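See structure below.
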Amino acid sequence: MGQERTTTRQMAMLLFCGLLAPLLRVIPEETGPLAGEGGWTAPLLALPVFLLALWVLERTFRRLPRPSGLHRMYQLAYGNGPGGLLTAATALWLGVIGAFNLRLYGESFVSSIYTDTNIWMFLAAMMAVVCLVSRRGFATVCRMGRLFFFVLVITVGLVLLLGVREVQLYNIWPVWLQGWDGLLLSAVPVFSVLGFSVPILYCKGESPEQGRGEKILTAWFSLLCLLLAAVGAVILGMFGWQTAVRLQTPFFSMAKEVTLADITERIEAIVAAVWVFSDLALLAAQVCAIGDYGKELWSGASRRWLIWGMGAAILLGAAWIDSATFELQGMWRGIQGWNVVFCYGFPLLACLLVRIRRKI
């Protein structure tokens, strides 16, 4: 990120693409049982808390010597030894989440669209593309994300426009039928997934522009949450939350229910093919971040070998997780707490300790 001159805008666009797929999995499936008709409001409720966390991180990194990323802040906050161990644990956690997501991507794609496809072929092909793109760093991945952004937004916008005709307002309003406590709790899974962006944004210290990073990130993540709320409202409005939470892939199911005049009867195959872009963007960003953390810890190591080695480890981990899609989704609910710890807990605690120890 440092020498590649990757900007905050490019990183935000990449994360916009990468977070679409995992967020659209949790919105109907996990927010529906908690908030019922109000499940579509979860991104809007999670957004202020998430932006507050980013604001604290941005303010802290602005005061540190540049360039300073999470590794440097952990060293200042916890000491060189513990800071290095925590950096390695963060990189390892990104690998675990990458393997889990890769398996879930494969299960969702194969089971919903191409049921006769060998999942091993899909996992291997996807990981090979991720490593080929990631080995050149964030600059290449961000160029890929910029292309993916326009394709994904056009696809999501088209499905929204076609699906809004099928929305039944009683399925999404009033939002408080399940209680206000359910509404607030529904923001937790969204907040957890948004946390994927923290160790990616701050793996090194050159991405956020001095003074402008907060405004750029606020604008892009606000746009992302608004789009997610709109898609969630259409999904719940079409199926009702009781049905939506039982669907294996709610967004694909929504695409199956819409038609495109006389051009094509069903567009779900097109949507599924385009949706791989979101999966690729997040995996590539995670692998790039792991490579940068590795370089911070072992300056003499080859970044390309780190990328290929971690790619192979993620592929083997995804193959080892031999579970059906519904079981994988249950596993994700079980590790959400750990994701909050690694993506929010340790970084925000480090911000506090850096100030207490008067390192800034």
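Heads up: numbering here begins at 1 and tracks the sequence. Keep in mind that what you see is a predicted model, and the values were worked out from it rather than measured.
A distance-only check finds a donor-acceptor pair linking the side chain of Tyr293 to the backbone of Pro199 [under 3.5 Å]. Put simply, the side chain of Ser192 never gets that close to the backbone of Val188: no donor and acceptor are under 3.5 Å apart. Looking at Arg103, its side chain never comes within 3.5 Å of a backbone N or O of Ala99 through a donor-acceptor pair. Formation of a donor-acceptor pair under 3.5 Å by the Thr41 side chain with backbone atoms of Leu44 is not found in this model. Between the Trp40 side chain and the Leu236 main chain, no donor and acceptor come within less than 3.5 Å of each other. With hydrogens and angles disregarded, a donor-acceptor distance shorter than 3.5 Å links the side chain of Ser278 to the backbone of Ala21. Without hydrogens or angle criteria, Arg59 side chain to Val56 main chain gives no donor-acceptor distance under 3.5 Å. Of the possible donor and acceptor atoms, none in the side chain of Thr243 sits under 3.5 Å from a partner among the backbone N and O of Gly240.
Relative orientation of the Phe342 and Trp338 rings is tilted, given thresholds of 30° and 60° on the angle between their planes. Using a 30° and 60° split on the angle between ring planes, Tyr344 and Phe50 fall in the perpendicular class, above 60°.
A heavy-atom distance below 4.5 Å is not found between the side chains of Tyr78 and Leu85. Side-chain contact between Arg25 and Val193 is absent, with no heavy-atom pair separated by less than 4.5 Å. The shortest side-chain heavy-atom distance between Leu224 and Leu194 falls under the 4.5 Å cut-off. Considering only heavy atoms from C-beta on, Trp241 comes within 4.5 Å of Glu37 through its side chain. Leu123 places none of its side-chain heavy atoms less than 4.5 Å from the side chain of Met126. Looking only at side-chain heavy atoms (C-beta outward), Leu353 and Leu349 come within less than 4.5 Å of each other. Within the 4.5 Å cutoff, the side chain of Leu14 has no heavy atoms near those of the Trp220 side chain. Using a 4.5 Å heavy-atom cutoff, the side chains of Leu20 and Leu227 are in contact.
Contact record, Arg146 with Met13: CA-SD, 3.4 Å, taken as the closest heavy-atom pair. The two residues Val354 and Ala77 make their nearest non-hydrogen contact at CG2-CB, 3.8 Å. The minimum heavy-atom distance linking Met127 with Gly311 is given by the pair CG-O, 3.4 Å. Counting all heavy atoms, side chain and backbone alike, Ala289 lies closest to Phe138 at N-CZ, 3.8 Å. Closest heavy-atom contact between Cys17 and Gly145: SG-O, 3.4 Å. Residues Leu160 and Val231 come closest through the heavy atom pair CD2-CA, 3.7 Å.
Going from atom OG1 of Thr90 over to atom CD of Glu296 covers 12.5 Å, rounded to the nearest 0.5 Å. Taken to the nearest 0.5 Å, the CG atom of Leu306 stands 10.0 Å off from the CD1 atom of Ile290. A distance of 12.0 Å separates NE2 of His71 from SG of Cys203, quoted to the nearest 0.5 Å. To the nearest 0.5 Å, the span separating CZ on Phe196 from CD on Gln286 amounts to 6.5 Å. Atoms CG and OG1, on Leu47 and Thr218 in that order, are 8.0 Å from each other to the nearest 0.5 Å. Annotation: the span from Met11 atom CE to Cys288 atom SG amounts to 8.5 Å, rounded to 0.5 Å.
Checked against Leu201 for a side-chain contact (heavy atoms from CB on, under 4.5 Å), the options Leu70, Leu15, Leu57 give a single hit: Leu15. Checking each of Val156, Leu24, Val190 against Leu228 for a side-chain contact (heavy atoms from CB on, under 4.5 Å) leaves exactly one that passes, namely Leu24.
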* To do: Show your working on side chain to side chain contact (heavy atoms under 4.5 Å, CB included) between Arg304 and Ile307 and close with a plain yes or no.
  => CA-CA 5 Å; Arg304 293 189 177 186; Ile307 293 292; 5.6 Å; no

* **Trace of the side chain to side chain contact (heavy atoms under 4.5 Å, CB included) decision for Arg72 with Leu64** => CA-CA 9 Å; Arg72 179 59 177 158; Leu64 294 177; 5.5 Å; no

* Could you go through the side chain to side chain contact (heavy atoms under 4.5 Å, CB included) check for Phe221 and Leu19 one step at a time? => CA-CA 10 Å; Phe221 282 111; Leu19 292 174; 3.8 Å; yes

* Could you give me the CA-CA distance, side-chain angles and deciding distance for Arg62 and Glu214, then say whether side chain to side chain contact (heavy atoms under 4.5 Å, CB included) is met? => CA-CA 11 Å; Arg62 187 182 300 179; Glu214 299 168 26; 2.6 Å; yes

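Put simply, Val49 and Leu348 are part of the same group of oily side chains (I, L, V, M, F, W, Y) that touch within less than 4.5 Å, one to the next. When hydrophobic clusters are built by joining Ile, Leu, Val, Met, Phe, Trp and Tyr residues whose side-chain heavy atoms come closer than 4.5 Å, directly or via intermediates, Val151 is grouped together with Leu23. Follow the hydrophobic side-chain contacts under 4.5 Å out from Leu297 and you never reach Leu76; the two are in separate clusters. Residues Leu94 and Leu316 fall into different hydrophobic clusters, defined by Ile, Leu, Val, Met, Phe, Trp and Tyr side chains chained together at heavy-atom separations under 4.5 Å. Note on Met121 and Leu132: separate hydrophobic clusters, where clusters join Ile, Leu, Val, Met, Phe, Trp and Tyr whose side-chain heavy atoms are under 4.5 Å apart, directly or indirectly.
The six-membered or imidazole ring of Phe149 lies near that of Phe16, with a centre-to-centre distance under 6.0 Å.
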